[in-house]
Structures are given as C-alpha cells and as structure tokens.
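All values below come from the heavy atoms of this structure, side chains included, with hydrogens, waters and symmetry mates left out. We name chains A, B, ... by the order of the sequence lines, and we start the count at 1 in each one. Note that the structure is predicted; figures quoted are calculated from it, not measured.
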Protein chains: 2
Amino acid sequence: MPSHQTKIAAETDCATVSCENCGIFQLCHSVGGDTDLSVLDTIVKSRRTMKRGEFLYRAGDAFRAIYAIRGGVIKTSIFASDGGAQITGFHIAGEVLGLDAITAGRHGCDAVAIEAASVCEVPFALFKELGKEFPDLPYKMLEIMSRDILHSHELMLLLGKKNAEERLATYLLNMSSRMAKRSFSATQLNMNMSRSDIGNYLGMAEETVCRTFSRFQEEGLLTIRRKQIILNDLARLRAKVYRR
Amino acid sequence: MPSHQTKIAAETDCATVSCENCGIFQLCHSVGGDTDLSVLDTIVKSRRTMKRGEFLYRAGDAFRAIYAIRGGVIKTSIFASDGGAQITGFHIAGEVLGLDAITAGRHGCDAVAIEAASVCEVPFALFKELGKEFPDLPYKMLEIMSRDILHSHELMLLLGKKNAEERLATYLLNMSSRMAKRSFSATQLNMNMSRSDIGNYLGMAEETVCRTFSRFQEEGLLTIRRKQIILNDLARLRAKVYRR
DNA sequence: CGTTCACTTGAAAGTGTTCAATTACTGTGG
DNA sequence: CCACAGTAATTGAACACTTTCAAGTGAACG
C-alpha cells in the first residue's frame, strides 16, 4: 500500500482486471456479445493521461466526447454568476463524465484532475455511430445517466437535510463503498481532495470539515494520517449518517 | 386568468397549442418526420388524470413507464432511511418523470400530484420498441436526462451555497421563467405547493420561508395573495439571487 | 359555524460560519 | 540533507443566520 503517489492510482488495476474499472469498456463488453469488437478497441484506446490540476474540459467548452475514467480522481464543479462554485462530484475509475452536456451542446461544469488520472475519450459522434450497430448502447447510456441522477438526488438530500456529522459520515461511507466496489480497501481511504474541496462538496466550511474530522477521531471512529483516513468503526460511522 | 382552480391548469393550453407543452409529444414530433405516427398517437393517448394528493408512483414501485406531464404540478421526493424526505422537484407541463428508475428497475422517489394533473404514460418497453423505428428517440431521451442533471446541479448549488433570500429568489425566478416558457404569466405565480413543501425543497424551515416571503413583501419585491404570488420587481429579485 | 390545517410572527437556542492565529506539511533550492 | 517559503490543515472565539419552540391568526371545508 505504499508510495506510488505520482503514478495513477488505479491504472495498473484497470489493466489487470481486464479493464473492468473502465465504464465504457464494461459497457461495450456487456453489449458486444460475439460481434466484432475491433472498432470498440480503437475508440477505447484513445486514452489520455492527466496531471494533477489539468482540466479534462471546462464549463462552456463545446461538447465533443464523453469520458470514462480509468484511474485517478476527477472533480466536477459548476459556477454561479457571482463566481461561487459548487463541486458536484469526485469521480473515480469506472465512472463516466460529460453526459450533462448533451442538451446544451456544451459543458456546464469544469472537470479537473485532483490527482494524476487516465481517461478514455469517446467522441459522441462515434458513440452515435456505434449505436447503429449495437442498439442497446444508447440504453446503457440512459442507465448510466439514470444512476447519475440518483447520485444527484442523494446529494440533494445530504445538502438539504443533514448536519455536519451526517454529511461527513455519509461522504466517508460513500467513498468507502465506491473504493471497495473497485477492490480497493474499504477502510483505508486516500483523500486526495483538500479539506476545502470536501467542504465545498458537502456544503460546509473548510473549518467545519476539520472540526468534524477531529471529533470523529476523538470518538475513535477514524484515524487521520495526512491525506489518508483510516476508518476504524464502519458500524458506528453508519449510525452517524442518520439523525439521532 | 381567473378561477378554474379545480380544473387542470394547463390542460386546455396543452390541447390548443397542439400539445407543445407535452414533452413526449414534442419528442415524437421532432422525431417522426413524415413517418406513420399512428402508433405514437396510441401511446400518447394513454392518459391519466390525477387528483390532488394522488400518487403517480411511489419509491420502490417497479419501473414500467415514463411519464410526460400535460398539466398540473407533480412533486417528486426521496426518502432517507430515517424517514426524512427531500423534495427533488416540482414538475409542470412539458416535463418528463420517471427516468431516474431506469438503472435500478424501480422508482427511487415518490411522485405525487400537488394539484389536479394530467399525464401521458409511455410504457418503457414500448418506448424501446419505438426506438427501433425512430433511432433518434433514445438520444432525445438522453437530452432530457441531461437537462435533468443540469437542473440537479443547479439545485445543489442552491442547497450548498445560498442563504435563505438567495434560495427563495432563485426559486421564484425559476418558477417564473418556467411558467413564461409555457406562456403563462411570468409575474403572477400560483404557488400551489405549501410553504412547508417549498421549505423542504429549498432546504430551509417552513418558518424561514414565511419570514423571507414577508421580508420580500416589505421590500416591495412581491405581493402575497394567499397562494398567489405577484412578482413586482423582477430586476430587484434577480439581484437577490447572488451574494451581495 | 366550528374545527382543522396552513400560514405567520416572536423569542430563545443551536449550529455552523467567519475571522484570526497557530501548526503541520510539501516542495524547492542551497 | 537541511533551511526556507508557501500552502494546507487545525484550533479558538465571536458572531450571524437559521432553526426550534410556542403562540396566534386566518382561510378552508365539512
């Protein structure tokens, strides 16, 4: 579990697990059946590696492609006219980005790498072409978007109804289960995002995030080691998610 | 503009404007071209009228159909395990409901009529059938979902970053523009939802909604007449949307 | 015509934010 | 390898905003 912090965290896994971590690949596999997959391979191989701080796209950019994350973490955020921003998600391997741009024809949010990352770029025009050969493809995409909407709704519930402890607990458990799903540790989280980003995402001040982390640590729920958070008691953390 | 409060507010308009208010119809028109539209007519004619308080579907119900609202207002809400609820939207004529259920195969939220309403029910299986004849159809649906995601993101920004005044101002202007888009008055809003519902949606207590309404009225921004809100100064209201 | 529910308003209490100061870490250059 | 600078994280204390609790008003409806 040590030191390859400059490397892309999940990249190797993504390769070894025959790219199960990569959404589009998954998609294609589940759709392709015995059909010739050579075209798909071509598309998926148009990869891109990103350094920390690099933008995948910016709000206002013309919509050309959708992106499947192969490794690393990418954050998306929207902006109010007054400059205020709201982070709408931290996205990890296997998740698909850019779908919110379909309607407007341009991206509504910024997508920026929080740590070194790797993405598959699938031009939307090409995606539509493929839809002709694999009629299930667009419906798979509907499923993915449907999942996005569910995620949004959960975040709304969090932002609208939960207090600081409930927010942070929810967030940690969400991260934990998403990591576990991709066969990372469920209890040792590398929180590469800053406290400030977490606060922005959860709708609370950076300081409140810190204080809540500290309180959780005092209560023995977790251990803070730099950016690494070790969850010591998932059960008790789960109890924090809902109002007492 | 007077009294037909028990009638479905937009139903008549929907008919006269050759059903432009109805999302699915719009959808079909934009897709159909000169092709035989008789099947579409059949589907769209499977309408349903709803009384205030009636459920279109409940969280957990099996996903069978998607719904386009022809008239009235339907609210959707999700539930936390502890019983807490978050209203995720008030939906009016022309909007499509039920799409968030595609992934899970069952609905994740309740949809209930706030006032008498009328909806077109489109069985999803049938929708998929139609997709074969009209290949653009699923992509149109992607667009609609993309719009939903954008809406969700905006609400997140509101819930995460805005204070009471900004929230209510945003909400009123949003309602205003949606009504205007469907050729209703932009300044005379019939807020059929309760203060409590508004509060829930905006992530604030019912009392705070009242107080904010009162303050806006004192400032001359609007006039409160029962459920009817008259916006007297859109410009000044817009200035309230962002932080001073 | 009274009962009920929704809305409104007041005052007290919490919770989280803001401002400010301190400490810890990261990365850079000597 | 260490010192330094700059950034991120943490903690404290005062303050602001919203919530909560409580009471009162008004409309709606049987």
Between [atom2] on [N] and [atom1] on [X], what's the gap in Å once rounded to a whole number?
{"X": "B:R225", "N": "D:dG26", "atom1": "CZ", "atom2": "P", "value": "18 Å"}
{"X": "A:R243", "N": "C:dG14", "atom1": "CZ", "atom2": "P", "value": "15 Å"}
{"X": "A:N163", "N": "D:dT20", "atom1": "CG", "atom2": "P", "value": "11 Å"}
{"X": "A:K161", "N": "C:dT15", "atom1": "NZ", "atom2": "P", "value": "17 Å"}
{"X": "A:M204", "N": "D:dC17", "atom1": "CE", "atom2": "C1'", "value": "17 Å"}
{"X": "B:Q228", "N": "C:dC7", "atom1": "CD", "atom2": "P", "value": "15 Å"}
{"X": "A:L202", "N": "C:dG16", "atom1": "CG", "atom2": "P", "value": "12 Å"}
{"X": "A:K162", "N": "D:dT19", "atom1": "NZ", "atom2": "P", "value": "17 Å"}

Flag, side chain of B:R182 to backbone of B:A93, donor-acceptor distance under 3.5 Å: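 The answer is yes, because a donor-acceptor pair under 3.5 Å joins these two groups.
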Check residues 54-62 of chain B and write down every donor-acceptor pair under 3.5 Å in which the side-chain atom is one partner and the other belongs to a residue at least two apart or another chain.
{"from": "B:E54", "atom 1": "OE1", "to": "B:K51", "atom 2": "N", "distance (Å)": "2.9"}
{"from": "B:Y57", "atom 1": "OH", "to": "B:G98", "atom 2": "N", "distance (Å)": "3.3"}
{"from": "B:D61", "atom 1": "OD2", "to": "B:R58", "atom 2": "N", "distance (Å)": "2.9"}

Salt bridge (Lys or Arg N to Asp or Glu O under 4.0 Å) partner of A:E95, the single match among A:R178, A:K75, A:K181: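 Only one of A:R178, A:K75, A:K181 forms a salt bridge (Lys or Arg N to Asp or Glu O under 4.0 Å) with A:E95, namely A:R178.
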Results of side chain to side chain contact (heavy atoms under 4.5 Å, CB included) for A:Q217 - residues two or more places apart only: A:L222, A:T223, A:I224
Touch class at under 4.0 angstrom, heavy-atom based, for B:G199 against every strand present: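 Contact class for B:G199: none.
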The criterion is salt bridge (Lys or Arg N to Asp or Glu O under 4.0 Å); which residues satisfy it with [X], sequence neighbours excluded?
{"X": "B:K240", "value": "B:E165, B:E219"}
{"X": "A:R211", "value": "none"}
{"X": "B:D233", "value": "B:R236"}
{"X": "A:D110", "value": "none"}

Net bend of the helix from C:dC1-D:dG30 to C:dG30-D:dC1, end axes of five pairs each, nearest 10 degrees: 40°
Set of ring pair (Phe, Tyr, Trp, His ring centres under 6.0 Å) partners for A:F90, sequence neighbours left out: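 Once residues adjacent in sequence are excluded, the partners of A:F90 under the ring pair (Phe, Tyr, Trp, His ring centres under 6.0 Å) criterion are A:Y201.
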Nucleotides 6-16 of chain D: protein proximity per nucleotide (B base, S sugar-phosphate only, - neither; heavy atom, under 4.0 Å): ---SBBBB---
